[in-house]
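Written out below as structure tokens is the structure these notes cover.
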Amino acid sequence: VTRLGYRVPRTQFDGTVHAVFARACYIECGDTLLTLVVATLADGPTTLLLGREAAADLRSAFCRGDVVRCREGQIRSRGAFVDLRSARTWRVPDPRPALAVSDTMSRLELARSRLAQVRRTQSSVLNGSGDAAIARLERACRYLDAAAALEHATRFIGWGEGLTPAGDDYLVGFCAALGTLACGDAGRLAFVDRMREFLAAQESRTTPIAAHYLNLAALGHFNADILRAVDALRSEADAQAAQRTLDEIMATGATSGADALTGILSGFAAWFCASVMECRR
Amino acid sequence: MPAMSLAVHYRVFADLYKDSVSLMQLGAKLRARAGVDEASCIMATPANLEQLAHAGLAVGASFNPSDLLVLVRGEAQACAAAIDDAAGILQSEAAQPGGSSVAFALPLTSIAMGQERAPDADLALISVPGDYAAAEARKALALGLHVMLFSDNVSVGDERAIKEYARERGLLVMGPDCGTAIVNGVPLGFANVVRRGDIGIVAASGTGLQEVTCRIHQLGGGVSQALGTGGRDLKDEIGGITMLQGIEALAHDARTRVIVLISKPPSPAIAQRILDAAAGSGKPVVVDFLGAPAASVARPRIVAAPSLQYAADAAIALAQRRAPPPLGAAPPVDRVAASIAAMAPTQRDVRGLFCGGTFCYETQLVFLERGLACRSNAPANGALAYDGHDAHNAGHLFIDLGDDEYTRGRPHPMIDPSQRNAAIRAHAADPAVAALLFDVVLGFGAHPDPAAELATALRDARAIASAQKRTLALIGHVCGTEGDRQDRSRQQEMLANAGAILAASNFEAAALAAEVATRRRGGRA
């Protein structure tokens with residue numbers, strides 16, 4: 001392991017393999033899920049990022065139900081040995097100064113255009129029947145109508161195919177954007193708190209893996225690719241670098257990255273674009 | 001006709017996880033079955049169950065969100081069979097965690113989906129319209145894949161950006177406009193079937209790379225790796241990023257004993273950087289910077305090659321721990337003597353019609369070195385530009401038919417040689433033409449039998465000239481190997497039977513054509 005998320009125990013824990021895929025292995029550990037991932041995936045608060053020399057397909061090393069035991073920074077299971085001792089800790093980078101409004105508007109335009117391209121081949125429930133639900137949630141959020149927003153957000157929990165349903169990925173991205181755009185505004189901060197309380201209470205309505213990421217979002221923790229995408233829109237002066245970052249997140253999973261970016265753009269549409277329109281008026 | 005009654009069947013797989021791609025693929029497979037009207041494979045979350053109910057697929061049972069639900073609507077018997085099949089597939093995969101999902105046939109529509117299906121893959125070959133190519137390359141790089149970018153029309157800015165991005169991650173971008181590579185013995189793009197061996201190549205020229213790898217094979221040697229860089233890599237704007245990475249990779253590759261570098265001449269600053277890296281590789285290096293003075297290239301452990309042919313010959317010698325062969329071996333000019341002797345007084349010019357851009361370029365260098373002025377639509381330094389008009393008065397003229405102006409909206413001549421074959425007939429009718437020069441490029445992506453149609457065109461050319469009491473020298477070479485699906489020997493035989501004079505290499509063919517030009521100019525016929 002080359003990097004450990006800041007919420008991963010460094011030296012000692014016990015767990016059980018909850019699910020294993022080619023590039024990610026989820027380990028149930030107390031009330032959280034630790035995620036062991038190959039080097040090409042993103043860091044995260046509960047992520048253990050493997051070095052490039054590790055097995056390309058984690059299914060060859062782990063099986064569901066395997067007992068995983070970490071002692072003195074060394075993980076052992078039935079078919080794997082993982083050394084954490086020389087791993088560095090990944091932490092959330094300090095926020096960078098915001099770009100001029102016009103620059104962020106152009107980043108948002110770029111992101112929407114790239115997302116539209118990607119959706120031609122990576123569609124999910126969000127870009128089919130999700131448009132109306134997204135518009136309703138954005139509107140409620142814009143007017144800080146928490147009750148309506150939570151009602152509309154309910155629609156997204158556990159909605160869509162796969163391991164982390166598209167609706168959950170969307171909400172994680174949405175919350176990441178709102179958290180950044182609250183900017184000390186008391187009304188917005190209170191709204192974000194309500195959203196987070198809501199997410200924390202949804203465990204029974206979605207898959208355990210999606211629930212884990214919703215719980216992290218409820219606590220204000222996000223994976224690096226989500227944070228980078230928000231930063232690309234808000235603070236990245238280099239347009240090409242911003243595009244690279246957006247392309248990176250959209251390459252995550254079958255549609256998960258694109259779904260999360262949809263949520264991020266939705267958050268910006270609710271609070272950033274709306275503010276700009278008000279200022280212009 | 002009585003209405004068919006539709007049944008809804010479902011089965012629950014408790015705590016079974018499948019990634020989205022697998023579930024979508026399974027759903028598509030079930031929907032494609034006869035008698036199945038609708039199918040869905042989803043996690044049984046309340047939101048998904050509600051969605052199913054809206055779609056008329058309500059199931060009156062309670063589930064856990066971690067349950068996988070497979071649900072099918074259609075004819076009762078078909079539904080039952082589909083559910084059983086789905087169960088078999090899901091459970092066999094569950095029992096074999098490393099099992100593959102190839103039983104499903106949903107087309108892959110993203111690089112990420114491809115990587116899910118083949119997690120061991122470490123290279124993405126991208127061939128999409130140029131507007132999208134850079135973005136696809138970035139996605140592949142973000143997934144940790146090396147990239148071969150077959151696409152062209154990628155901006156210089158994008159090329160530099162994706163190459164820098166790749167370099168930061170220890171990945172390689174071959175291209176844009178990279179048509180040929182051989183990586184760990186796997187031929188990509190137009191590559192030829194060549195023996196594996198100990199000579200590694202990095203080339204900013206697709207046909208240059210093919211010519212050298214094929215000749216190495218013909219001489220009994222083999223290729224460890226053959227990496228393409230794209231034609232612009234050594235330009236100042238890019239800085240030779242891929243070639244420098246390629247040199248480093250070959251320097252560390254235990255299978256590679258000798259390195260060959262091929263490119264048009266870079267600027268002095270880039271050349272210096274490349275040659276410094278080559279000299280520092282610790283291995284003997286052969287460099288063909290086409291047309292660059294030998295003195296500007298040669299230094300300890302670096303051999304300057306004046307031609308692609310010599311680059312292969314020198315690499316073979318060095319791999320066998322012998323000294324490189326002497327320069328300046330005379331071409332077998334007696335092979336064109338009979339044709340020259342039979343020519344009419346009007347015949348003085350050579351016309352070259354090439355599929356390979358580097359072959360066109362190298363031919364110009366051969367002519368210029370002999371003091372023979374020439375024109376081209378892709379002129380080498382010292383040659384005149386040809387604007388596509390008045391070929392009769394163009395003198396010696398070499399056309400790269402793979403250049404953008406000839407391939408816009410139509411396949412490359414290596415894939416569809418019809419345009420070149422028509423040009424052969426047209427130039428044969430020009431009384432000024434003494435020799436027609438051509439290349440035939442074989443390989444995986446090339447036309448399956450290029451000599452068959454070319455032979456007909458050559459016979460027609462001879463007949464056209466003969467009707468005007470002229471004799472044409474038809475000079476060519478076949479770039480390929482006996483292992484290629486087109487079979488080089490068979491291709492050569494067809495061309496020889498059509499009256500072509502076949503050289504061992506492009507350089508030799510160019511030298512024979514230059515002999516015709518020299519002797520027709522000098523009036524020694």
Side-chain angles (χ1 to χ4, degrees), chain A residues 18-23 26 38-41 52 56-60 62-64 114 117-118 120-122 124-125 129 154-168 203-211 225 240-241 243-245 247-257, chain B residues 15-24 27 40-51 54 64-68 94 96-99 108-113 115-122 131-132 134-145 157-158 160-162 165 169-170:
Chain A
H18 176 77
V20 58
F21 301 91
R23 293 182 293 146
Y26 293 90
V38 298
T40 53
L41 297 192
R52 291 193 176 274
D57 188 342
L58 297 180
R59 293 173 297 185
S60 65
F62 294 96
C63 289
R64 181 178 159 82
R114 294 290 303 126
Q117 278 181 27
V118 165
R120 288 180 202 151
T121 55
Q122 291 169 250
S124 75
V125 292
S129 47
T154 305
R155 170 81 163 89
F156 289 89
I157 301 288
W159 184 29
E161 301 90 347
L163 188 65
T164 55
D168 298 322
E203 195 162 353
S204 62
R205 301 190 65 242
T206 188
T207 68
I209 293 171
D225 52 352
Q240 284 197 339
Q243 181 168 332
R244 283 200 297 272
T245 302
D247 285 341
E248 271 179 30
I249 190 171
M250 285 188 286
T252 305
T255 65
S256 281
Chain B
D15 295 329
L16 180 60
Y17 288 128
K18 290 288 158 189
D19 60 81
S20 311
V21 178
S22 296
L23 294 181
M24 287 191 279
S40 192
C41 306
I42 52 170
M43 302 310 290
T45 61
N48 284 339
L49 294 173
E50 189 183 332
Q51 184 81 4
H54 280 304
N64 190 309
S66 60
D67 293 340
L68 172 59
Q96 297 170 328
L108 298 176
T109 52
S110 73
I111 293 169
M113 287 173 75
Q115 200 183 39
E116 288 288 342
R117 189 175 287 184
D120 291 338
D122 62 1
D131 289 345
Y132 306 105
E136 291 302 317
R138 284 193 192 100
K139 281 195 241 173
L141 293 167
L143 290 166
L145 300 171
D158 275 343
R160 180 165 183 108
I162 58 176
Y165 181 68
R169 285 158 177 73

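Values in this document were obtained by computation on a predicted structure and should not be read as measured data. Chain letters run A, B, ... following the sequence lines, proteins first, then strands; residues in each count from 1.
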message: Minimum heavy-atom separation for B/A161 and A/Q240, please, with both atom names.
response: CB-OE1, 3.3 Å
statement: Sequence neighbours excluded, the answer for side chain to side chain contact (heavy atoms under 4.5 Å, CB included) partners of A/T245 is A/R228, A/A232
message: Tell me the closest heavy-atom pair linking A/T207 and B/P65, and the distance in Å.
response: CG2-O, 3.6 Å
field: Value rounded to 0.5 Å, distance of OG1 in A/T40 from CZ in B/R169
entry: 11.0 Å
- request: For chain B, find which of A/A254, A/S256, A/P208 contributes the most heavy-atom pairs closer than 4.5 angstrom.
  value: A/P208
field: N/O donor-acceptor pair under 3.5 Å between B/N48 side chain and A/G158 backbone
entry: yes
- line: Sorted by chain and residue number, the salt bridge (Lys or Arg N to Asp or Glu O under 4.0 Å) partners of B/R160 (sequence neighbours excluded) come out as B/E164
task: Considering only heavy atoms and a distance below 4.5 Å, find which of A/A241, A/G160, A/A211, A/A210 pairs most often with chain B.
output: A/G160
- prompt: Can you list the steps and then say if B/K139 with A/V118 is a side-chain contact (heavy atoms from CB on, under 4.5 Å)?
  reply: CA-CA 11 Å; B/K139 281 195 241 173; A/V118 165; 3.8 Å; yes
task: Please report the shortest heavy-atom distance between B/T45 and A/T206, naming the atom on each side.
output: CG2-CA, 3.7 Å
message: Taking B/E136 first and then A/R114, would you say they form a salt bridge - that is, a charged N and a carboxylate O separated by under 4.0 Å?
response: no
- prompt: Can you check whether A/Q243 reaches B/D158 side chain to side chain, under 4.5 Å on heavy atoms?
  reply: no
query: Taking all non-hydrogen atoms of both residues, which atom of A/E248 and which atom of B/A142 are closest, and how far apart?
result: CG-CB, 3.3 Å
statement: Applying a strict 4.5 Å limit to non-hydrogen atoms, the region of A/S204 in contact with chain B is backbone
query: Under a 4.5 Å heavy-atom cut-off, does chain B meet the side chain of A/R155, its backbone, both or neither?
result: both
- line: Turns out that what part of B/L143 lies under 4.5 Å from chain A's heavy atoms comes down to both
